[in-house]
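Comments concern the structure below.
Just so we're on the same page: letters track the sequence lines, and every chain starts at 1.
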Amino acid sequence: MKIATWNINSVRLRKENVINFLKKESIDILCLQETKTVDENFPITFFNDYGYIHSYIRGEKSYNGVAILSKIPFKNKSFHNFCNLNDTRHIKVELRNNITIHNFYVPAGGDIADINLNPKFKHKLQFMEEMINLLKKEKFKNRLVLGDFNIAPFENDVWSHKSLLNVVSHTKPETNYFSKLLKYGAFEDIVRNHFKRDDKIYSWWSYRNKDWKKSNRGRRLDHILISKNIQKYIQSVKIYKSIRDEKKPSDHVPISITLKL
DNA sequence: ATGGCGCGGTCACCGCGA
């Protein structure tokens with residue numbers, strides 16, 4: 001079973017990129033973020049035609065939006081609202097083999113890393129707090145928590161730890177929340193564990209760099225966390241860096257894991 | 001230290017991303 005996550009930054013604009021990736025990499029389940037469309041306009045029949053006949057879509061106009069496209073059926077579907085908002089940042093599915101998948105789009109948090117000056121940063125920290133509380137309440141086994149967390153948790157998840165310490169995505173309050181999430185949810189950061197501790201690994205490169213590859217100022221904002229009890233079934237972990245070089249790419253690239261259950 | 005680009009949409013400007 002091959003599962004991937006990808007912040008697509010408009011699914012309508014990039015449905016061809018998505019299907020090319022799904023076919024080439026033989027993905028069974030894809031979790032998308034920032035689909036940026038209401039459900040009525042989601043190109044679902046397009047994906048149905050390629051065998052992704054099971055889906056769970058939750059979007060809104062212009063912003064946010066999450067979706068799961070799958071070849072494998074779901075036993076249950078549900079979502080949760082955070083911070084008293086009805087924005088579309090989370091969905092959850094349960095498979096017949098009792099694996100559950102949470103797909104998250106955590107708020108970006110704006111520019112200023114100060115909750116008193118920046119309500120978006122406050123929202124992000126509140127979201128993380130509620131996310132941890134939710135995951136603490138569930139059964140700890142057989143879970144995957146994945147998506148765009150908008151947090152680069154460790155030193156080698158950014159191009160420069162020193163120059164990003166005060167930049168939203170890599171500040172102490174955010175990285176502390178990430179560590180709390182691992183601890184209180186009993187998760188493994190399987191992507192980081194798969195690489196060497198001092199390897200720089202990224203899943204996002206800004207659109208604003210003239211040559212993203214040359215400057216290589218990336219951050220690891222997208223994550224796949226997994227319950228410790230199923231860690232032993234992981235067969236492979238991949239970050240598809242070459243996708244960033246496609247025509248009209250998303251600023252994020254997909255990540256996948258293969259589970260042999 | 002700054003700005004750089006790209007998305008959707010009450011569409012030549014703005015909010016938002018991070």
Problem - Whole-Å P distance, B:dC14 and B:dA1 - result: 27 Å

Fill in the blank from the handout: Cluster membership besides A:L117, Ile/Leu/Val/Met/Phe/Trp/Tyr side chains within less than 4.5 angstrom, sorted by chain and number, is A:I112

Practice task
Quote, to the nearest angstrom, the P distance that separates B:dG3 from B:dG8.
Solution key: 25 Å

Fill in the blank from the handout: Applying ring pair (Phe, Tyr, Trp, His ring centres under 6.0 Å) to A:Y177 and not counting sequence neighbours gives none

Completion exercise
So the side chain to side chain donor-acceptor pair (under 3.5 Å) pairs with at least one residue in residues 40-52 of chain A (sequence neighbours excluded) are none

Handout entry: Candidate pair A:I29 and A:L69, rule side-chain contact (heavy atoms from CB on, under 4.5 Å), full reasoning
Key = CA-CA 6 Å; A:I29 302 174; A:L69 306 174; over 6 Å; no

Handout entry: Span that lies between the C1' atom of B:dC11 and that of B:dC16, in whole angstrom
Key = 16 Å

Problem - Integer-rounded Å distance: B:dC5 P and A:D211 CG - result: 14 Å

Completion exercise
Quick tally for nucleotides 9-18 of chain B: nucleotides whose base has a protein heavy atom under 4.0 Å get B, sugar-phosphate-only ones S, the rest -, giving SS----BSBB

Problem - side chain to side chain contact (heavy atoms under 4.5 Å, CB included) partners of A:K210, counting only residues at least two apart - result: none

Show which side-chain atoms of residues 148-157 of chain A pair as donor or acceptor with protein atoms under 3.5 Å away, not counting sequence neighbours.
| unit_1 | atom_1 | unit_2 | atom_2 | d |
| --- | --- | --- | --- | --- |
| A:D148 | OD1 | A:N150 | N | 3.0 |
| A:D148 | OD2 | A:N7 | ND2 | 2.8 |
| A:N150 | ND2 | A:V106 | O | 2.8 |
| A:N156 | OD1 | A:K200 | NZ | 3.4 |
| A:N156 | ND2 | A:R197 | O | 3.0 |
| A:D157 | OD1 | A:R192 | NE | 3.3 |
| A:D157 | OD1 | A:R192 | NH2 | 2.7 |
| A:D157 | OD1 | A:R220 | NE | 2.8 |
| A:D157 | OD2 | A:F154 | N | 2.8 |
| A:D157 | OD2 | A:R220 | NE | 3.4 |
| A:D157 | OD2 | A:R220 | NH2 | 3.1 |

Exercise for the section: Under 4.0 Å between any heavy atoms, over every strand shown, what does A:R217 touch: base, sugar-phosphate, or nothing? Just pick one. Expected result: nothing

Problem - Span that lies between the P atom of B:dT2 and that of B:dA12, in whole angstrom - result: 30 Å

